[in-house]
Q: 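This is the structure I want to talk about, given as structure tokens.
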Amino acid sequence: MDTLLLPKELDVYMKRESLYMQNKCQMYSVVLGQCTKAMKARLEADSQYESFGLEGDVLGLLIMIRTVAYNYEVQRYPFLVLHSALKNYHLHFQCSYVTNDSYWESYTNMREVVEHCGGKTGHHDIWWSMCSSRRTVIYNRQAKAKRKRPQRPLKRLTMP
């Protein structure tokens, strides 16, 4: 009985494997077709691109696209990149026609971009360090200005 099931199970497995490989290659083509020419040029410059293409590895391609997109932003001035990412994050809102699931997905994507740029969606270490050093400078200036002022003698009030 077991000897008869083994060839049938093998046939079913081979059909599923073949269908999986077809779908994987089609998905790879669809994802690559959505990329711009500039993005394709950046992907082709990567050493792993050919191995992903030969295997039809869709997940590897998506990870590579994400890395290329994030690294493009990091090449600019880091504070400007963080500022623009935070600005997009804080100005993002849910329109009336957007479903909760798609809004949550876009929200988490924006949060990941902010974290990738070195920021946080709560307290930002970069801003706090800049603000604290600025506060120290301002406090020191005010303290120096107070020390330099001559003290006026107090006038005594006399009763008539």
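Counting from 1, the numbers follow the sequence of the chain as shown. All heavy atoms count here, side chains included; hydrogens, waters and symmetry mates do not.
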Q: Is E50 atom CD crowded by more than 12 heavy atoms from other residues, nucleotides or ligands, each under 6.0 Å away?
A: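 For E50, atom CD is not crowded (no more than 12 foreign heavy atoms under 6.0 Å).
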Q: Apply side-chain contact (heavy atoms from CB on, under 4.5 Å) to the pair Y28 and L61, showing each step before the final yes or no.
A: CA-CA 8 Å; Y28 184 87; L61 178 66; 3.6 Å; yes
Q: Tell me if the centroids of the rings in Y103 and F93 come within less than 6.0 Å of each other.
A: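 Ring centres of F93 and Y103 not closer than 6.0 Å.
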Q: Donor-acceptor pair, S29 side chain versus C25 backbone, under 3.5 Å?
A: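 Yes, S29 side chain to C25 backbone: donor-acceptor pair under 3.5 Å.
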Q: Given 3.5 Å as the limit, does a donor-acceptor pair link the side chain of Q48 with the main chain of F52, or not?
A: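 Looks like no, no N/O pair under 3.5 Å.
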Q: Has M27 got more than 12 heavy atoms of other residues, nucleotides or ligands less than 6.0 Å from its CE?
A: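 Result for CE/M27: open.
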Q: Minimum heavy-atom separation for Q94 to N100, with atom names?
A: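 Taking Q94 first and N100 second, the nearest heavy atoms are NE2-OD1, 2.9 Å.
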Q: With hydrophobic residues grouped by side-chain heavy-atom distances under 4.5 Å, do V114 and W104 end up in a single group?
A: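 Yes; tracing contacts between hydrophobic side chains, which count when under 4.5 Å, links both residues.
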Q: By the rule that ILVMFWY residues connect when side-chain heavy atoms come within less than 4.5 angstrom, directly or transitively, which residues belong alongside Y20?
A: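 Members alongside Y20: M21.
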Q: Using the rule that two of Ile, Leu, Val, Met, Phe, Trp, Tyr join whenever any of their side-chain heavy atoms come within less than 4.5 Å, decide whether M39 and L62 are in one cluster.
A: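 Yes, it is one cluster - the side chains of M39 and L62 are joined through contacts under 4.5 Å.
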Q: Whether the side chain of S18 engages the backbone of M14 through a donor-acceptor N/O pair (distance < 3.5 Å, no angle test) should be reported.
A: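 Looks like no, no N/O pair under 3.5 Å.
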Q: State, to 0.1 Å, how close L32 and K40 come at their nearest heavy-atom pair, and which atoms those are.
A: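 Of all heavy-atom pairs spanning L32 and K40, the closest is O-CE, 3.0 Å.
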Q: Are V31 and I63 linked, directly or through other ILVMFWY residues, by side chains that come within less than 4.5 angstrom of each other?
A: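 No: no chain of side-chain contacts under 4.5 Å links V31 to I63.
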